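Since the structure comes first, as structure tokens, the remarks are kept for the end.
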Amino acid sequence: TGLVEDVGSALLASDVLIFPVTKEHQGRPIFEAGFYKLPVIVPKFECFNEYVNDRSGYFFQPGDADDLTEKILKMLSSQSNYKSMGRENQLLSIKSHTEGVYESNIKDLLSKILL
């Protein structure tokens with residue numbers, strides 16, 4: 001779609017977020033999708049293990065179009081499955097990526113540094 005200024009509109013029009021990066025990358029799109037109750041399909045990179053589990057989305061082998069296709073078909077084969085995965089991604093996103101969580105993490109870090 002080119003440059004998107006309003007990511008929320010794009011996510012509202014989606015059923016699933018596919019994040020097909022070819023190298024390890026910051027996972028912001030994963031938790032943005034979570035706030036919109038979307039499941040995700042992402043490459044199997046260690047950096048995404050913190051944000052995705054088998055209840056919130058699927059991993060595919062990086063660069064493997066056949067594996068990605070398999071995961072898309074698996075996700076879309078059951079509407080209730082991908083909706084429950086979207087809810088799980090939302091819970092993971094809220095647990096790790098809200099203002100209160102960041103504030104708490106920063107306070108903890110500062111208290112360790114200033115001791």
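Everything numeric in this text was worked out from a predicted model, so none of it was measured. Heads up: numbering here begins at 1 and tracks the sequence.
- Here the straight-line distance linking atom CD of Gln90 with atom OG of Ser56 works out to 12.0 Å at 0.5 Å rounding.
- At a threshold of 4.5 Å between non-hydrogen side-chain atoms, the residues Tyr82 and Asp15 count as touching.
- The OG atom of Ser14 sits 6.0 Å away from atom CG of Leu38, with the distance rounded to the nearest 0.5 Å.
- No single ILVMFWY cluster, assembled from side-chain heavy atoms under 4.5 Å apart, contains both Ile41 and Phe59.
- The distance from atom OH of Tyr58 to atom NZ of Lys74, rounded to the nearest 0.5 Å, is 4.5 Å.
- You'll find the side chain of Leu91 stays beyond 4.5 Å of the side chain of Lys95, heavy atoms only.
- Note on Leu17: it clusters hydrophobically with Val7, by side-chain heavy-atom contacts below 4.5 Å among ILVMFWY residues.
- A donor-acceptor pair is defined here as one N or O able to donate and one able to accept, closer than 3.5 Å; such a pair exists between the side chain of Ser93 and the backbone of Phe31.
- Ring geometry, Phe48 versus Phe19: the interplanar angle falls from 30° to 60°, so the pair is classed tilted.
- Side-chain contact between Met85 and Val40: absent, with no pair of heavy atoms (C-beta onward) separated by less than 4.5 Å.
- Rounded to the nearest 0.5 Å, atoms CD (Gln61) and NZ (Lys71) are 7.5 Å apart.
- No chain of hydrophobic side-chain contacts below 4.5 Å, direct or via other Ile, Leu, Val, Met, Phe, Trp or Tyr residues, connects Ile30 to Ile18.
- Residue Val52 is grouped with residue Leu11 when hydrophobic side chains (ILVMFWY) are merged at heavy-atom distances under 4.5 angstrom, including chains of intermediate members.
- Heavy-atom minimum distance, Asp64 versus Asp67: OD1-N, 3.0 Å.
- Contact annotation: the side chain of Asn89 never approaches that of Tyr51 to less than 4.5 Å [non-hydrogen atoms, C-beta and beyond].
- Side-chain atoms of Thr69 come within 3.5 Å of backbone atoms of Ala65 as a donor-acceptor pair (strictly under, hydrogens ignored).
- Using a cutoff of 4.0 Å between basic side-chain nitrogens and carboxylate oxygens, Lys112 and Asp108 are not scored as salt-bridged.
- Side-chain contact check for Pro43 versus Thr22: every heavy-atom pair is 4.5 Å or farther apart.
- With sequence neighbours left out, the salt bridge (charged side-chain N to carboxylate O under 4.0 Å, His left out) criterion links Lys37 to no other residue.
- Within 6.0 Å of CD in Gln26 there are more than 12 heavy atoms belonging to other residues, nucleotides or ligands.
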